[in-house]
Amino acid sequence: MARPDALQGSLPLLVLKILERRGPLHGYGITNHIESASDLLRVEEGSLYPALHRMEEAGWIRAEWTTTENNRRARIYEITDAGRKQLEEQESRWTAISAAIGHVLKEA
């Protein structure tokens with residue numbers, strides 16, 4: 001199983017990508033998409049919601065309270081234009097770092 005600190009550094013990248021692809025989602029939906037796409041990654045509420053809050057403060061996402069079909073209040077998150085720009089930068093950085101790590105692993 002992945003260590004929580006290993007996921008934390010990539011959590012904003014994953015959240016932004018999911019919101020870009022899937023559209024507005026609540027926290028549970030974001031968690032569900034991350035965990036269903038990977039057998040290894042697990043997202044704890046104690047990591048997700050502070051990350052969402054930081055991303056909202058940075059202007060990468062916006063949040064709105066809504067009422068679900070079950071008549072429950074839920075906070076829905078949506079990527080912003082600034083978030084799309086940040087996603088592009090983080091994806092480029094992730095690709096470069098992954099390639100560099102792969103190169104070192106092959107050479108070691």
Side-chain angles (χ1 to χ4, degrees):
M1 179 156 28
R3 293 185 359 216
D5 59 337
L7 175 61
Q8 188 156 356
S10 58
L11 190 55
L13 171 62
L14 298 174
V15 169
L16 291 171
K17 191 62 172 184
I18 287 167
L19 292 176
E20 180 194 49
R21 286 185 177 166
R22 306 287 183 180
L25 289 170
H26 48 74
Y28 177 77
I30 294 168
T31 297
N32 192 37
H33 281 296
I34 291 171
E35 291 182 358
S36 67
S38 167
D39 293 331
L40 185 62
L41 301 177
R42 297 290 170 254
V43 181
E44 302 293 328
E45 283 186 29
S47 297
L48 178 65
Y49 290 101
L52 289 170
H53 182 71
R54 287 189 300 273
M55 294 168 66
E56 186 177 8
E57 284 185 340
W60 302 345
I61 61 173
R62 68 177 143 262
E64 181 179 313
W65 284 102
T66 188
T67 303
T68 67
E69 298 169 355
N70 300 334
N71 207 26
R72 298 181 70 173
R73 285 179 45 101
R75 195 161 171 130
I76 303 296
Y77 299 92
E78 182 177 12
I79 192 170
T80 64
D81 289 341
R84 283 183 182 82
K85 182 178 181 198
Q86 182 65 24
L87 173 60
E88 184 178 317
E89 291 171 10
Q90 285 191 17
E91 277 187 294
S92 293
R93 187 171 50 236
W94 179 262
T95 300
I97 289 170
S98 296
I101 291 171
H103 183 72
V104 170
L105 291 174
K106 287 179 184 177
E107 297 295 320

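Residue indices begin at 1 and follow the sequence shown.
With sequence neighbours left out, the side-chain contact (heavy atoms from CB on, under 4.5 Å) criterion links Ala37 to no other residue. Legend: residues meeting side-chain contact (heavy atoms from CB on, under 4.5 Å) with Thr66, ordered by chain and number and at least two apart, are Ile76. Residues meeting the salt bridge (charged side-chain N to carboxylate O under 4.0 Å, His left out) test with Arg93, sequence neighbours left out: none. Contacts of Asn71 classified as side-chain contact (heavy atoms from CB on, under 4.5 Å), with partners at least two apart in sequence or in another chain: Thr67. Shown here are the side-chain hydrogen bond (donor to acceptor under 3.5 Å, both in side chains) partners of Glu69, two or more places apart in sequence or in another chain: there are none. For Glu88, there are no salt bridge (charged side-chain N to carboxylate O under 4.0 Å, His left out) partners, not counting sequence neighbours. Scanning for side-chain contact (heavy atoms from CB on, under 4.5 Å) contacts around Arg75 gives Glu56, Ala63, Trp65, Tyr77, with sequence neighbours left out.
Under a 3.5 Å cut-off, the side chain of Ser47 and the backbone N or O of Val43 do not form any donor-acceptor pair.
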I would like to know whether Leu48 and Ile34 meet side-chain contact (heavy atoms from CB on, under 4.5 Å); could you show each step before the answer?
-> CA-CA 11 Å; Leu48 178 65; Ile34 291 171; 5.6 Å; no

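Rounding to the nearest 0.5 angstrom, the gap separating the CE atom in Met55 from the CG atom in Leu19 is 6.5 Å. Annotation: the span from Thr80 atom OG1 to Gln86 atom CD amounts to 9.5 Å, rounded to 0.5 Å.
Sorted by first and then second residue, the salt bridge (Lys or Arg N to Asp or Glu O under 4.0 Å) pairs with a member in residues 17-32 read Lys17-Glu20, Lys17-Glu91; sequence neighbours excluded. Counting only residues at least two apart or on different chains, no side-chain hydrogen bond (donor to acceptor under 3.5 Å, both in side chains) pair has a member in residues 26-39.
The number of heavy atoms from other shown groups lying within 6.0 Å of CD (Glu45) does not exceed 12.
Test Leu16, Leu87, Ile79, Leu52 against Trp60 for side-chain contact (heavy atoms from CB on, under 4.5 Å) and you get one pass: Leu16.
Minimum interatomic distance between Trp94 and Ser10 (heavy atoms only, all atoms of both residues): CZ3-CB, 4.3 Å. Taking all atoms of both residues into account, the shortest heavy-atom contact from Ala82 to Gly59 is CB-O, 3.5 Å.
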